[in-house]
Structures are given as C-alpha cells and as structure tokens.
2 protein chains.
Amino acid sequence: MRQQTLEALKDKGFRLTKIRKLIIDVFFSNADAPISAPELRTHLLALDVKANKTTIYRELDFLSAQGIIVEINAGDGKKRYELDRFGHHHHILCLRCSAVECVAIEDCALEEQLSRVDLKNFKVTGHALNFFGICAGCSPCTEC
Amino acid sequence: MRQQTLEALKDKGFRLTKIRKLIIDVFFSNADAPISAPELRTHLLALDVKANKTTIYRELDFLSAQGIIVEINAGDGKKRYELDRFGHHHHILCLRCSAVECVAIEDCALEEQLSRVDLKNFKVTGHALNFFGICAGCSPCTEC
DNA sequence: TTGACAAATGCAACCCCGTTGCAATACAAT
DNA sequence: ATTGTATTGCAACGGGGTTGCATTTGTCAA
Ligand SMILES: [Mn+2]
Ligand SMILES: [Mn+2]
Ligand SMILES: [Zn+2]
Ligand SMILES: [Zn+2]
C-alpha cells in the first residue's frame with residue numbers, strides 16, 4: 001500500500017524526496033489517528049528530521065490534492081489529516097487531551113437518514129458528525 | 001428577553017457598560033446567525049463603536065460564562081457564538097461564503113439515535129453535527 | 001453631587017497557526 | 001557529470017487569540 005502510493009506519485013512525475021517519503025510513512029504508521037500539521041512536524045523531529053513549517057503545510061496540501069490524505073475536522077477547530085482510504089466516517093474527540101479517534105456508525109439507520117436530511121435554501125454536499133467525551137486514558141480508573 | 005438579560009447581569013453585580021449592552025443587542029438582533037469575534041467587532045464598528053479586540057474576546061468569554069451565549073463550531077475552524085436559548089441543534093455552513101445557519105433535526109429519529117450511540121473506550125458527553133453546502137445566495141439562479 | 005472602589009477597557013507585547021515571494025537546494029533524467 | 005525543475009528554506013507577514021498592567025468608567029454609598 002505504501003509502496004504503491006510512492007510509485008503512483010513517481011509515475012505522475014513528482015519527486016520522492018526524503019521529507020515526502022517520511023511524511024507518507026508517518027501517515028501509514030499512525031493510520032488510526034488523524035494528524036495535525038504541528039503534530040506531523042513533531043513526528044518528523046522524532047525521526048531526527050527538521051522540516052520547515054512551510055514545507056509541512058505545502059506537503060499536506062500536495063498530498064491532499066493527490067488524494068492520498070484528506071483533511072478532517074474533529075470539532076475543536078484544528079485541521080487534521082488522515083489517509084484517504086477509510087471511506088466516509090466520523091470522529092470522536094477527547095475534551096481533556098484532544099486525542100481523536102475515527103468512528104464508523106454501522107449498526108443503525110443513522111447514516112442513511114443523515115444522507116436524506118433536506119435543508120431548505122441550502123444545496124447540501126456533505127456533513128461532519130463529531131462526538132465529544134473523555135477517552136479511556138483520561139478517564140479515572142473505576143477500580144481504584 | 002433582552003431586558004431580563006440585562007437586569008439579571010446587574011443583579012449579579014456586573015456592570016452594564018456601553019459595549020456590553022451593545023454586544024448583547026447585536027446577539028439579539030442577529031439571533032438567526034452565529035457570530036464570530038471579528039464579525040462582532042465589525043457589527044460594533046457599524047454602530048460607530050470601536051472596541052479593542054481584547055475587550056471583544058473577554059466579553060465573549062464573560063457572556064459565555066454567564067450562560068447568555070454559547071460557543072459553536074460550524075466546521076470551518078472559526079469559533080462563533082449565539083444566544084443560548086435554542087436548545088440543542090445543529091448548523092450548516094456555506095462552503096463559498098462561510099455563512100452559517102442553525103438547523104434543527106425534528107422530523108426523524110436521528111437525534112434520538114445519536115444520543116444512543118455508544119463508543120467503546122470513550123465516555124461520550126455530546127456531539128456536533130455540521131452540514132456543508134452552498135447557500136441560496138451563493139447558488140446560481142435556476143431561472144436564468 | 002461627589003468620592004471611592006471594583007469592574008471593565010485599552011494598549012502593547014506576545015503566542016500559534018497558516019500563507020506568500022523569492023532565493024537556494026536536491027531530485028531524476030539525460 | 002550536467003541540467004531543468006520540483007521542492008525546500010527563509011523571512012516576512014496576517015489573522016485569531018491571550019496576558020499583564022495601567023487607565024478609565026459604572027455603581028453605590030456618603
Ligand atoms: Mn478518521
Ligand atoms: Mn445555532
Ligand atoms: Zn483523553
Ligand atoms: Zn453562501
């Protein structure tokens with residue numbers, strides 16, 4: 001999967017630079033949690049790579065334009081990105097530590113109903129459903 | 001309604017300053033559209049009142065703490081505020097002009113189902129549902 | 001009406017996220 | 001190895017938001 005992504009970029013005439021490859025690696029290594037631009041920079045630093053913030057933003061735009069990642073909004077006003085291979089789903093945000101997880105609503109007619117919502121005066125093209133709460137790591141232990 | 005709001009503040013020992021009263025007026029005059037801090041500043045300027053941006057942010061915090069307004073997130077990363085008297089509802093954002101409108105989902109079991117969503121590992125305390133689209137003003141006329 | 005005190009405001013300085021123009025660098029193909 | 005251009009870095013900027021501190025203003029009581 002990662003390899004195909006790289007080759008597809010090369011075939012289109014784009015270069016596989018060190019930073020670009022590492023950024024793609026970060027997304028494949030953290031496929032379960034959307035990543036913000038500052039977080040991505042931190043991930044790179046952990047790999048001993050200092051990337052200019054301009055480069056980070058430009059690369060996120062580039063990978064989005066190439067359909068490799070998608071921007072998501074988890075409800076706290078910060079842009080995050082994740083690999084574009086999970087289809088439509090939603091997110092949950094921890095109000096204490098800002099952790100975000102992806103969630104899919106499958107067991108009820110909710111998603112189907114959402115697609116039918118008709119809002120007067122607006123041509124609706126999409127929606128975002130975000131849940132808020134406290135993640136397991138932030139919840140006090142129930143045993144002690 | 002506006003008068004009760006002002007008297008309630010006074011009863012709690014807070015002052016009814018010129019700016020504070022005008023801000024409350026702006027919210028009551030635009031009860032259908034959530035307002036951002038910069039927008040609020042513009043509204044005041046239209047009334048020939050220059051308020052320092054620090055004052056704007058502090059007043060928004062104050063009115064939120066007093067339960068008069070609530071912060072909402074319409075999905076574009078900008079904080080907006082509206083009077084806290086409409087109960088739980090959702091919002092729709094115009095992707096072209098960034099206009100936001102409040103929408104209530106009443107005609108289906110959607111809201112009830114949302115409240116039942118159970119997400120493992122998270123203690124869910126709430127949710128936000130945002131719709132995206134093109135508003136009437138931004139849609140090309142269907143007649144011509 | 002006038003003080004006095006606390007609440008509210010303005011100002012300056014700062015932080016963070018994100019963007020732009022332009023010069024320097026590094027891919028990758030020849 | 002050379003070369004053309006995609007990519008990167010740098011500096012500077014803008015918007016949104018916050019903080020400390022000095023100044024103003026609303027309120028109430030004398
Ligand atoms: Mn996701
Ligand atoms: Mn609303
Ligand atoms: Zn948490
Ligand atoms: Zn519009």
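In what follows, every chain begins at residue 1, and chains take the letters A, B, ... in the order their sequences are listed.
- Close to C/dT19, at under 4.0 Å from its OP1 or OP2, lies no side-chain N or O of A/Tyr57.
- Closest-nucleotide positions on DNA chain D for A/Ile19 and B/Ala37 were compared, and the one nearer the 5' end corresponds to A/Ile19.
- Atoms CD1 (A/Ile23) and P (D/dT7) sit 12 Å apart, rounded to a whole Å.
- The side chain to side chain contact (heavy atoms under 4.5 Å, CB included) with A/Phe27 is formed by just one residue from the set A/Leu83, A/Thr5, A/Ile68; it is A/Leu83.
- When rounded to the nearest whole Å, the span between NZ of B/Lys53 and C1' of C/dC11 equals 11 Å.
- Following rounding to the nearest Å, B/Asp76 (CG) and D/dG15 (P) show an atom-to-atom distance of 17 Å.
- B/Ile134 and A/Val124 fall into different hydrophobic clusters, where Ile, Leu, Val, Met, Phe, Trp and Tyr residues are linked whenever their side-chain heavy atoms come under 4.5 Å apart, directly or through other members.
- Atom-to-atom, CG of B/Asp61 to P of D/dT19 comes out at 9 Å; the value is rounded to the nearest Å.
- Across the protein-nucleic acid pair, A/Asn52 atom CG and C/dA23 atom P stand 17 Å apart, rounded to whole Å.
- Scanning atom types as modelled, no donor and acceptor separated by under 3.5 angstrom connect the side chain of A/Arg58 and the base of C/dG18.
- For B/Leu22 and C/dT9, the CG to P distance is 11 Å, given to the nearest whole Å.
- Between A/Ser36 and A/Phe14, the residue whose closest nucleotide on DNA chain C is further toward the 5' end is A/Ser36.
- You'll find a donor-acceptor pair under 3.5 Å spanning the side chain of B/Thr54 and the base of D/dT19, going by distance alone.
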Stepwise, does the side-chain contact (heavy atoms from CB on, under 4.5 Å) test hold for A/Lys78 with A/Glu39? CA-CA 11 Å; A/Lys78 290 171 186 162; A/Glu39 283 167 4; over 6 Å; no
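- With A/His43 as reference, A/Ile35 is the one residue of A/Ile23, A/Ile35, A/Asp25 to meet the side chain to side chain contact (heavy atoms under 4.5 Å, CB included) rule.
- Using a 4.0 Å heavy-atom cutoff across all strands shown, B/Lys21 reaches no nucleic acid atom at all.
- Contact between the side-chain N/O atoms of A/Thr17 and the OP1/OP2 oxygens of D/dT7 is not found at any separation under 4.0 Å.
- A/Glu71 has its CD atom 12 Å from the C1' atom of C/dG18, to the nearest Å.
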A/Arg20 and A/Ile24: side-chain contact (heavy atoms from CB on, under 4.5 Å), yes or no, with the steps? CA-CA 6 Å; A/Arg20 177 164 295 162; A/Ile24 291 173; 4.2 Å; yes
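- As rounded to whole Å, 17 Å separates atom P of D/dT25 from atom CG of B/Leu16.
- Two residues, A/Pro38 and B/Arg20, neighbour DNA chain C, and the one matched to the more 5' nucleotide by heavy-atom proximity is B/Arg20.
- A donor and an acceptor atom sit less than 3.5 Å apart, one in the side chain of B/Arg15 and one in the base of D/dT25.
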